[in-house]
Amino acid sequence: MTKNPIMTNEEYKEYVKRFMPKTNEKRSLLNSFLVGGFICSIGQFIRYFFNLYLKLQGDSLAAATSVVLIFLGVLLTGLGVYDRIGKHAGGGSIVPITGFANSVASPAMEFVSEGYVYGMAAKMFVVAGPIIVFGVFSSALVGLIYYIFGL
């Protein structure tokens, strides 16, 4: 009689657990905090630079800082550096705006071999698309509530 080749859920979990690398949660949290904080510190430095030397203020200052951070995120993704940062930092690299830029650039680079329209353009927002849709939908909902109740 042959053994049933199909594993139960419990057997599969045990099988996976044997090969799964052990993680150190405290070190992972510390790395995430330090790298995320460092990325935000770079953003703050850029903001101070634009304010001090280019005399930007208000919305112009915020927009210029965001553009530079998005550019740096896409550039580092294209060079393959952001993936190494993400591997070391975990969640600390996805929280700032550079992580959002990475989530748009990575699928675009991955699927460019399928063509510019059906590959890059179609797959660019696979990860970031739901975030954008949720943001637009929730802001429209909040705006509607403010309009209805006159807040």
Side-chain angles (χ1 to χ4, degrees), residues 9-10 12-147 149 151:
N9 284 342
E10 291 78 25
Y12 181 73
K13 287 178 186 177
E14 288 299 318
Y15 175 76
V16 170
K17 193 181 286 186
R18 283 188 292 176
F19 294 101
M20 190 181 316
K22 304 292 184 236
T23 59
N24 183 344
E25 283 106 13
K26 290 179 184 176
R27 188 181 75 212
S28 179
L29 285 172
L30 180 65
N31 288 344
S32 181
F33 175 76
L34 291 175
V35 172
F38 183 69
I39 292 171
C40 292
S41 296
I42 291 171
Q44 194 64 42
F45 173 78
I46 293 167
R47 185 177 172 90
Y48 285 147
F49 177 83
F50 283 160
N51 183 254
L52 189 63
Y53 293 106
L54 301 179
K55 306 295 185 207
L56 295 177
Q57 293 180 354
D59 290 341
S60 299
L61 178 60
T65 304
S66 297
V67 166
V68 169
L69 286 172
I70 290 169
F71 172 77
L72 289 175
V74 171
L75 178 68
L76 293 176
T77 299
L79 296 174
V81 175
Y82 209 90
D83 292 337
R84 286 184 272 162
I85 293 170
K87 190 172 186 175
H88 174 73
S93 66
I94 62 170
V95 174
I97 194 167
T98 53
F100 185 77
N102 174 266
S103 71
V104 172
S106 289
M109 289 173 40
E110 183 178 344
F111 293 103
V112 74
S113 62
E114 295 179 20
Y116 288 114
V117 174
Y118 291 115
M120 186 185 72
K123 303 290 185 177
M124 188 179 340
F125 295 108
V126 167
V127 176
I131 297 168
I132 295 169
V133 169
F134 180 76
V136 169
F137 176 75
S138 59
S139 63
L141 183 65
V142 169
L144 186 63
I145 290 170
Y146 270 80
Y147 179 76
F149 294 108
L151 299 174

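Pairs passing the ring pair (Phe, Tyr, Trp, His ring centres under 6.0 Å) check and including a residue from residues 16-47, sequence neighbours excluded, read Tyr15-Phe19.
Here the side chain of Ser103 pairs a donor or acceptor atom with the backbone of Phe100 at under 3.5 angstrom.
Every residue meeting the side chain to side chain donor-acceptor pair (under 3.5 Å) condition with Thr98, not counting sequence neighbours, appears here in chain and number order: Tyr82. Evaluation of the side chain to side chain contact (heavy atoms under 4.5 Å, CB included) rule for Glu14 yields Lys17 as partners, not counting sequence neighbours. A search for side chain to side chain contact (heavy atoms under 4.5 Å, CB included) contacts involving Leu75 returns Phe71, Leu79, not counting sequence neighbours. Residues satisfying the side chain to side chain contact (heavy atoms under 4.5 Å, CB included) test with Val67, not counting sequence neighbours, are none.
Here the CG-CD1 distance, from Asn102 to Ile70, works out to 12.5 Å after rounding to the nearest 0.5 Å.
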Under 3.5 Å, which donor-acceptor pairs link side chains of residues 127-141 to any protein atom two or more places apart or in another chain?
from   : atom 1 : to     : atom 2 : distance (Å)
Ser138 : OG     : Phe134 : O      : 2.8
Ser138 : OG     : Gly135 : O      : 3.2
Ser139 : OG     : Gly135 : O      : 3.0
Ser139 : OG     : Val136 : O      : 2.9

Kindly list each side-chain donor-acceptor pair under 3.5 angstrom involving residues 88-97, sequence neighbours excluded, with atom names and distances?
from  : atom 1 : to    : atom 2 : distance (Å)
Ser93 : OG     : Gly90 : O      : 3.0

Ignoring hydrogens and angles, write down the donor-acceptor pairs under 3.5 Å from the side chains of residues 49-65, residues two or more places apart or on other chains.
from  : atom 1 : to    : atom 2 : distance (Å)
Asn51 : ND2    : Leu56 : O      : 2.8
Lys55 : NZ     : Leu52 : O      : 3.1
Thr65 : OG1    : Leu61 : O      : 2.8

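Between Val81 and Arg84 the shortest side-chain heavy-atom distance falls below 4.5 Å.
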